[in-house]
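This chain uses plain numbering: 1 for the first residue, then up along the sequence. Please read all numbers here as calculations on a predicted model, not as lab measurements.
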Amino acid sequence: MSTSTFQDAAANALACAAAPAGPSYYKHHVFFCLNQRSNGEACCAAQGAEVAFDRCKSQVKAAGLAGPGQVRVNKAGCLDRCAAGPVLVVYPEAVWYSYVDESDIDEIVESHLKNGQVVERLLTPSHLGR
């Protein structure tokens, strides 16, 4: 590849990276860790993550928030935040939540997903990982 061809390709790549990506397909994309460990280590599945996932999905649908341009709720494998589990993460903001019960899920749906307000009391401490 000649120097000018390489420079043109590099300039094109930079232009593409700098171009606005446009609106996200979903306003909020929620991932629930549903990982199950068989070796006895801490895991979200053992702490009711599936029930919370189902609750969130049904609450999002009931509130009319589901679908393109709105909210998508997905299952995920290990999100590597086991010490804080059960956890979920909301993108594009990358807001991590640790929750205890269905009322916590309801609050996340109402406050964050519906009204754009982060639920401070449920934020996963940044130092907690696996």
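- With sequence neighbours left out, K57 forms a salt bridge (charged side-chain N to carboxylate O under 4.0 Å, His left out) with no residue at all.
- Sequence neighbours left out, not one pair with a member in residues 81-99 passes salt bridge (charged side-chain N to carboxylate O under 4.0 Å, His left out).
- Judged purely by atom type and a 3.5 angstrom limit, N115 uses its side chain to pair as donor or acceptor with the backbone of E110.
- Sorted by first and then second residue, the salt bridge (charged side-chain N to carboxylate O under 4.0 Å, His left out) pairs involving residues 43-52 (not counting sequence neighbours) are E50-K75.
- Annotation for L34: hydrophobic cluster partners, listed by chain and number, are V30, F32, F53, V60, L65, V71, V73, L88, V90, V95, Y97, Y99, I105, I108, V109, L113, V118, V119, L122, L123 (ILVMFWY side-chain heavy atoms under 4.5 Å, direct or chained).
- Applying the salt bridge (charged side-chain N to carboxylate O under 4.0 Å, His left out) test to D106 and every residue at least two apart in sequence or in another chain returns R55.
- Evaluation of the side chain to side chain donor-acceptor pair (under 3.5 Å) rule for S103 yields D101 as partners, not counting sequence neighbours.
- By the side chain to side chain donor-acceptor pair (under 3.5 Å) test, D104 is found to be paired with R121, residues two or more places apart in sequence or in another chain being considered.
- In the hydrophobic clustering (ILVMFWY side chains linked at under 4.5 Å, chained through shared members), Y25 is joined by Y26.
- Here the closest heavy-atom approach between residue C33 and residue G77 is recorded as SG-O, 3.6 Å.
- C44 and G85 get closest at one heavy-atom pair: SG-CA, 3.9 Å.
- With sequence neighbours excluded, the residues that form a side chain to side chain contact (heavy atoms under 4.5 Å, CB included) with A84 are V87, S98, T124, L128.
- A46 and Q36 get closest at one heavy-atom pair: N-OE1, 4.2 Å.
- Within the structure, every pair that satisfies the side-chain hydrogen bond (donor to acceptor under 3.5 Å, both in side chains) test and touches residues 63-73, not counting sequence neighbours, is listed here: R72-N74.
- Once rounded to the nearest 0.5 Å, the distance linking CD of E120 with NE2 of H112 reads 10.5 Å.
- Applying the salt bridge (charged side-chain N to carboxylate O under 4.0 Å, His left out) rule to pairs touching residues 31-41 yields E41-R130, sequence neighbours excluded.
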